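Within every chain, numbering begins at 1; the chains are lettered A, B, ... in the order of the sequence lines, protein sequences first and strands thereafter. A quick note: this is a predicted structure, and the numbers were derived from the prediction, not measured.
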Number of protein chains: 2
Amino acid sequence: MKYTTPYIAPTLTVDAVIFQLIDSALNVLLIRRPNEPFKDSWALPGGYNPVGETTVDALTRIIKEKTGVVIDTDLRYIEQLYTFDTVARDPRGHAVSVTYTGYGREITPATDDAIAFFPVSRLPDLAYDHAEIVKYAHERLISKLSYTNAVFAFLPPTFTLAELQSAYEAIFGHELDKRNFRKKFLSLNLIHETTEMKRTGAHRPARLYEFNTQTLESLPRSFD
Amino acid sequence: MKYTTPYIAPTLTVDAVIFQLIDSALNVLLIRRPNEPFKDSWALPGGYNPVGETTVDALTRIIKEKTGVVIDTDLRYIEQLYTFDTVARDPRGHAVSVTYTGYGREITPATDDAIAFFPVSRLPDLAYDHAEIVKYAHERLISKLSYTNAVFAFLPPTFTLAELQSAYEAIFGHELDKRNFRKKFLSLNLIHETTEMKRTGAHRPARLYEFNTQTLESLPRSFD
DNA sequence: TATACTTAATGTATGAAATACACTACACCG
DNA sequence: CGGTGTAGTGTATTTCATACATTAAGTATA
């Protein structure tokens with residue numbers, strides 16, 4: 001380094017794209033900004049990452065503070081997404097954001113009008129470059145679903161094959177053939193039958209299944 | 001934000017994993033560190049990212065300064081890799097590194113004993129967590145080659161099918177069947193014949209091909 | 001000018017997986 | 001016991017992956 005001026009770091013921030021399924025639709029967690037800039041716009045939850053704290057630790061602390069969601073227990077999967085760093089993305093000054101994406105089920109944020117899940121198909125205008133970040137996270141999620149068992153993070157401990165297929169359809173954004181879906185998914189050996197059935201209406205009950213593992217694994221061949 | 005202390009950002013750094021093929025082997029660009037910490041250890045080229053400069057701009061400036069390699073012209077592809085942020089990764093203090101990986105051919109760094117390409121199969125001990133970063137970049141590269149046309153970045157403008165296959169073999173780390181490789185690759189419609197032949201020794205000359213495009217594209221189906 | 005050398009170029013048969021597609025099974029309710 | 005609504009299943013066709021050996025063509029040299 002040959003600086004003649006002292007080194008000054010950009011601001012470091014963290015943001016999270018937290019997905020879950022609600023009523024068979026993919027939703028993302030947003031907060032309404034209480035302050036300028038972008039006051040009253042919806043935005044991804046996030047905040048400042050100070051020296052001495054890892055991005056995951058900062059994110060965990062901030063998401064808890066701002067939304068009531070506890071990353072370690074409410075999310076069943078989290079991964080780093082991308083680092084966004086265009087100088088002008090924050091009007092207050094150069095801020096580099098390390099973004100994460102997480103998946104869960106039955107995530108219940110603090111009760112507050114300024115905290116809500118929105119279907120990704122019907123997002124409001126978002127602050128900063130957050131629309132771009134959500135789009136990137138959704139693409140990553142689609143891709144992840146096609147070569148890993150990541151769908152486990154969206155489903156309850158036991159689930160029917162119809163629920164499993166519905167999760168794929170909600171995230172992929174298109175329908176799948178029932179027979180082919182079942183044949184292919186069962187051949188991956190990611191799930192096994194339980195002895196339980198799910199009874200819902202005046203019709204035949206559905207077999208409940210569960211995942212062999214709740215940790216991310218790569219598939220032997222891809223899925224779509 | 002509810003800080004009672006003023007916000008202090010971690011140091012932001014950038015590092016690059018630059019790959020090229022040399023003698024049919026995958027090589028990575030390293031520099032020998034002139035200063036503590038890790039003085040005289042080999043390391044990825046990189047440096048400090050000050051406020052007001054994007055990570056790509058900082059990386060471009062730093063890689064030029066430290067290695068003579070010009071990212072915009074010497075590399076034919078670059079992408080962000082991952083952001084490494086464990087607090088203890090730099091003994092001088094908390095430094096968050098945004099890493100990039102780039103691919104090229106005939107990259108010629110400045111002539112200097114402290115700047116060199118090393119085969120990834122025979123790396124020296126690396127400073128910091130750089131061995132982990134190189135491993136991650138290599139995995140990403142293998143994956144990238146199997147679902148995109150990224151191999152174009154490693155090849156000259158025209159090339160033989162044997163050279164193309166050799167590039168895949170060097171990066172994948174295993175051999176491929178010649179007939180199946182040609183059949184499959186040609187069916188992807190990424191390349192076309194030229195009218196030129198490559199004459200090298202006392203044997204039949206090989207047809208030269210070129211890529212239809214020099215920008216990254218996803219393949220309709222994956223390759224391995 | 002023939003032949004030896006070396007790399008380039010090519011095809012087929014088999015098995016595995018992807019796709020397209022429609023009917024029967026079962027439980028509850030009235 | 002018949003009606004309603006979701007669960008569950010199989011086959012035929014096509015596409016793709018894999019395994020594998022011989023001929024083609026140019027140069028060098030005897």
Side-chain angles (χ1 to χ4, degrees), chain A residues 21 23-24 142-143 145-149 155-156 158-170 172 174-210 218-224, chain B residues 23-24 142-143 145-149 155-156 158-170 172-210 218-224:
Chain A
L21 296 173
D23 294 336
S24 298
I142 289 172
S143 160
L145 236 55
S146 67
Y147 69 90
T148 73
N149 63 347
L155 294 171
T158 66
F159 51 86
T160 67
L161 293 179
E163 288 165 348
L164 179 65
Q165 181 176 343
S166 166
Y168 270 93
E169 290 175 335
F172 283 167
H174 61 82
E175 299 197 336
L176 299 169
D177 177 86
K178 181 160 76 164
R179 278 168 299 185
N180 292 339
F181 176 85
R182 287 170 184 227
K183 186 173 9 155
K184 186 163 178 181
F185 202 92
L186 290 171
S187 78
L188 297 172
N189 291 319
L190 296 175
I191 59 175
H192 57 266
E193 283 190 359
T194 69
T195 56
E196 310 291 311
M197 306 296 279
K198 178 162 185 172
R199 297 180 151 74
T200 50
H203 54 80
R204 180 173 177 175
R207 175 70 59 187
L208 285 163
Y209 288 77
E210 64 187 352
S218 289
L219 304 185
R221 58 185 185 280
S222 75
F223 202 95
D224 49 41
Chain B
D23 296 336
S24 297
I142 290 172
S143 161
L145 237 55
S146 67
Y147 70 91
T148 73
N149 64 347
L155 292 171
T158 66
F159 51 86
T160 67
L161 294 179
E163 289 165 348
L164 178 66
Q165 182 176 344
S166 167
Y168 270 93
E169 289 174 338
F172 282 167
H174 60 82
E175 299 196 337
L176 300 169
D177 177 85
K178 180 159 77 162
R179 280 169 295 185
N180 292 339
F181 176 83
R182 290 172 182 226
K183 187 175 3 153
K184 186 164 178 180
F185 203 93
L186 290 171
S187 78
L188 297 173
N189 292 318
L190 297 175
I191 60 175
H192 57 267
E193 283 191 357
T194 69
T195 56
E196 310 289 310
M197 307 293 282
K198 178 161 187 172
R199 297 181 151 73
T200 49
H203 54 78
R204 178 173 178 177
R207 173 71 58 187
L208 284 164
Y209 287 78
E210 65 186 355
S218 289
L219 303 184
R221 57 183 186 281
S222 75
F223 201 95
D224 47 43

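For the pair A:L190/A:L219, a side-chain contact is recorded, criterion being any heavy-atom separation below 4.5 Å from C-beta on. Considering only heavy atoms from C-beta on, B:E163 comes within 4.5 Å of B:K198 through its side chain.
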Between side-chain atoms of residues 178-186 of chain B and protein atoms elsewhere (two or more places apart, or another chain), which donor-acceptor pairs fall under 3.5 Å?
unit_1	atom_1	unit_2	atom_2	d
B:N180	ND2	B:D177	OD2	3.4
B:K184	NZ	B:S222	O	3.3

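The CZ atom of A:F181 sits 13 Å away from the P atom of D:dG8 (whole-angstrom rounding). The CZ-C1' distance, from B:R199 to D:dA28, rounds to 15 Å in whole Å. Distance, A:E193 CD to D:dT9 C1': 13 Å, rounded to whole Å. Atoms CD (A:Q165) and C1' (D:dA7) sit 12 Å apart, rounded to a whole Å. With rounding to whole Å, A:L188 atom CG is found 13 Å from C:dA18 atom C1'. The nearest whole Å value for the distance from the CZ atom in B:R221 to the C1' atom in C:dT19 is 15 Å. In this structure, the CG atom of A:L219 is 11 Å from the P atom of C:dA18, given to the nearest Å. The CG-C1' distance, from B:L164 to C:dA8, rounds to 15 Å in whole Å.
Between A:E193 atom CD and A:M197 atom CE the span is 8.5 Å, to the nearest 0.5 Å. One distance of note links CZ of B:F223 with CG of B:L145; it measures 8.5 Å at 0.5 Å rounding.
Between D:dA7 and A:R207, no contact under 4.0 Å exists linking OP1 or OP2 to a side-chain N or O. Proximity of B:K184 to the phosphate of D:dA17: a side-chain N or O atom is located under 4.0 Å from OP1 or OP2.
Note on B:R182: a base of the nucleic acid sits closer than 4.0 angstrom, heavy atoms only.
A side-chain donor from one of B:S187 and B:R221 sits under 3.5 Å from a side-chain acceptor of the other.
With DNA chain C read from its 5' end, the first of the two nearest nucleotides for A:S222 and B:L186 is the one closest to B:L186. For B:G201 and A:P205, each mapped to the nucleotide of DNA chain D holding its nearest heavy atom, the one lying further toward the 5' end belongs to A:P205.
The two residues B:I191 and B:Y209 come nearest to each other via the heavy atoms CD1-CD2, 3.9 Å. Across all their heavy atoms, B:L155 and B:A167 have their closest contact at CD2-CB, 4.2 Å.
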Fill in: Steps toward side chain to side chain contact (heavy atoms under 4.5 Å, CB included) verdict (A:H174, A:E169)
CA-CA 5 Å; A:H174 61 82; A:E169 290 175 335; over 6 Å; no
Just the table, please: protein N/O against nucleotides 10-13 of chain D N/O, every pair under 3.5 Å.
unit_1	atom_1	unit_2	atom_2	d
D:dT11	O4	A:K183	NZ	3.0

With 3.5 Å as the limit, what N/O pairs link the protein to nucleotides 1-7 of chain C?
unit_1	atom_1	unit_2	atom_2	d
C:dC5	O2	B:A202	O	3.3
C:dT7	O4'	B:H203	ND1	3.4

